[in-house]
A.B. asks: 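Quick one: this structure, given as structure tokens, is what I'll be asking you about.
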Amino acid sequence: MTVEATGIHRAFGGVQALRDASFAARPGEIHALAGENGAGKSTLIKVLCGVLRADAGSVAVRGRVATAFQELSLLPDLTVAENLLLAAPPRGRLGLVRRGHLTAEASRVLALYGVSEIDPRSPARDLSVSQRQVVELVRVLATEPDVVFLDEPTAALAEREVDWLAGHMRRLRDAGACVVFTSHRWREIERLADRVTVFRNGTHVATRERLTEDEAVTLMTGRTLDATYPDVSGIEAGEKALTVTGLTSGHLRDVSFDLRRGEILGVGGLAGQGQRDLFLTLFGARRPVAGRLLVGQAERSFRRPADAVRAGIAYVPEDRKAEGLLLPLSIRDNIALTTLARRSRAGFIRRRAEKAEISGVAAKLAIGAGRATSQAAGTLSGGNQQKTVMARWLLADADVYLLYDVTRGVDAATKHDIYHLIAGLARSGKAVLFHSSETEEIAHLCHRVLVLREGRIAAELAGPVGDAEQIVAASIRESADA
Ligand SMILES: Nc1ncnc2c1ncn2[C@@H]1O[C@H](COP(=O)(O)OP(=O)(O)O)[C@@H](O)[C@H]1O
Ligand SMILES: [Mg+2]
């Protein structure tokens, strides 16, 4: 392999641009790198060509490398000739060049690449965007690289210039070079690429020789969600963890159900049918008007969330910043928060043991991709903040988990981690009540689904339902009858 990268992690502050990313390209191929905006293509290219360091992982690139970055890098005050020959002089050039020679040499190089309408004496700032792109590309091509990275090289080019570039890419490829490029135009990828690699959320999704545009879009957006859900069907339900009878609170009307250990019980329905009232009431953040609650065998009445926590109930909300984390505190301290009470009750906090335990949980959840847990939680991306909240509750070792829209605003890869985390909770005998604004998730993750409508349970579906349409239909069926 000419280009090979494995296990690459790279973050910018709280943004995980690359996570466990891999990529490989070989000599004599044109390899397209496809992905949505923010998928990490540019960051990968910068890591591959060495202008950015990876936080972790290994990179091997063999041969002479040249890169055309997405952000053009011509110096505006220098002439075309100076930009072409001084910043990255072509192979075999001597150090000292007189200006006249410089212009002549630049003319020669431009002519060699079939560019006739750009004056080598013009300052770069006087060129149009597409002319600047062409100069940038000539500069890269003229180094006769073994490996060339072209990051969105055609974004500013007209049709004719795209043809020009395509010709040069093929010529390099046929001469045995490895040509890697990115483009948002599928037509160009289809026409030029020998192989395509798709990135999504900072990680490698697929590398293919043949790929239709539809398949590519599916891979880029991750809309083939089926495969990403864990199989929850084999988990055995145990004894009752929660028994709710006649609960009336806020919009909730006379709601009764039970939830068993090992069970993921979905709460669905159209938005605003009492789902939030149910979760807040079970967590003691809202006083019910009527109803009984058993936690295990014991009847409980919560005055405040602290009562619920003591009874073994955990609540993970969707709004991390408002309810979940103390952002200036370290990741470790945030994870430790709920467990401090439990620990100090034992007499003293064993600092080192706690540190090890917390790092273990953080690693298991891949929080911050191996970042130190001493960093402030505010530096984490949204998805990682959400996982930190969950890690905290994992250590707190609650019996019942109330998960309210926990994947909202979270990237696809993190969602995937969270799904597996939830399945893991059930597998370890925890009881999970799960609401999501994405009905798909309820359809795939839950053993049973309660559909709420106007504060009442309108239907109960056996899961995994698999098909979100069924839940949606149950959400509106009765209102259609009424
Ligand atoms: N220098 C940077 N500082 C902060 N965030 C960055 C920086 N470069 C990239 N990112 C972030 O990293 C993610 C991946 O970006 P990028 O590699 O440019 O994706 P792509 O090229 O696929 O559009 C994005 O969320 C982007 O905002
Ligand atoms: Mg980019």
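Read the numbers this way: they start at 1 and go in the same order the structure lists the ligands and their atoms.
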A.B. asks: Is the gap between the ring centers of H444 and Y419 under 6.0 Å?
C.D. replies: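 Aromatic pair excluded; centres sit 6.0 Å or further apart.
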A.B. asks: State, yes or no, whether a side-chain contact exists between L192 and V179 at a heavy-atom distance under 4.5 Å.
C.D. replies: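 Sidechains of V179 and L192: no contact.
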A.B. asks: Rounded to the nearest 0.5 Å, how far apart are CG of L18 and CG of N201?
C.D. replies: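 The CG atom of L18 sits 11.0 Å away from the CG atom of N201.
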A.B. asks: Ignoring hydrogens and geometry, is there a side-chain-to-backbone donor-acceptor pair from T182 to L33 under 3.5 Å?
C.D. replies: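 Pair absent, no side-chain N/O of T182 close to backbone of L33.
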A.B. asks: Using side chain to side chain contact (heavy atoms under 4.5 Å, CB included) as the criterion, list what pairs up with P123, not counting sequence neighbours.
C.D. replies: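 For P123, the residues satisfying side chain to side chain contact (heavy atoms under 4.5 Å, CB included) (neighbours in sequence not counted) are R125, D126.
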A.B. asks: One thing to verify: whether E188 and R191 come together as a salt bridge, which I'm taking to mean a side-chain N less than 4.0 angstrom from a carboxylate O.
C.D. replies: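 Looking at R191 and E188, the cut-off is not met.
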A.B. asks: Which is closest to atom 15 (O) of ligand 1 by heavy-atom distance: V15, T43, T182?
C.D. replies: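 The option holding the nearest heavy atom is T43.
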A.B. asks: Is there a protein heavy atom at a distance of less than 4.0 Å from atom 27 (O) of ligand 1?
C.D. replies: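 Under 4.0 Å from atom 27 (O) of ligand 1, zero protein heavy atoms found.
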A.B. asks: Does ligand 1 come near enough to A39 that some N or O of the ligand is less than 3.5 Å from an N or O of the residue?
C.D. replies: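 Yes: some nitrogen or oxygen of A39 is under 3.5 Å from one in ligand 1.
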A.B. asks: Output yes when R139 and E136 qualify as a salt bridge under the 4.0 Å nitrogen-oxygen rule, no when they do not.
C.D. replies: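 Salt bridge present between R139 and E136.
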A.B. asks: Any idea which of G202, G40, A11 brings a heavy atom closest to atom 19 (O) of ligand 1?
C.D. replies: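 Checking each option, the heavy atom nearest atom 19 (O) of ligand 1 is found in G40.
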A.B. asks: Spell out, as yes or no, whether a donor-acceptor pair under 3.5 Å connects the side chain of E144 to the backbone of A142.
C.D. replies: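 Pair absent, no side-chain N/O of E144 close to backbone of A142.
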A.B. asks: Would you mind checking which non-hydrogen protein atom is closest to atom 8 (N) of ligand 1, with the distance to 0.1 Å?
C.D. replies: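 Checking every protein heavy atom, the shortest distance to atom 8 (N) of ligand 1 gives F12 CE1, 3.4 Å.
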A.B. asks: Nearest to atom 23 (O) of ligand 1, what protein heavy atom do you find, and at what distance?
C.D. replies: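 The answer is G38 N, 2.7 Å.
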A.B. asks: Can you check the number of protein N/O/S atoms within less than 2.8 Å of the Mg ion (ligand 2)?
C.D. replies: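 For the Mg ion (ligand 2), the figure is 2.
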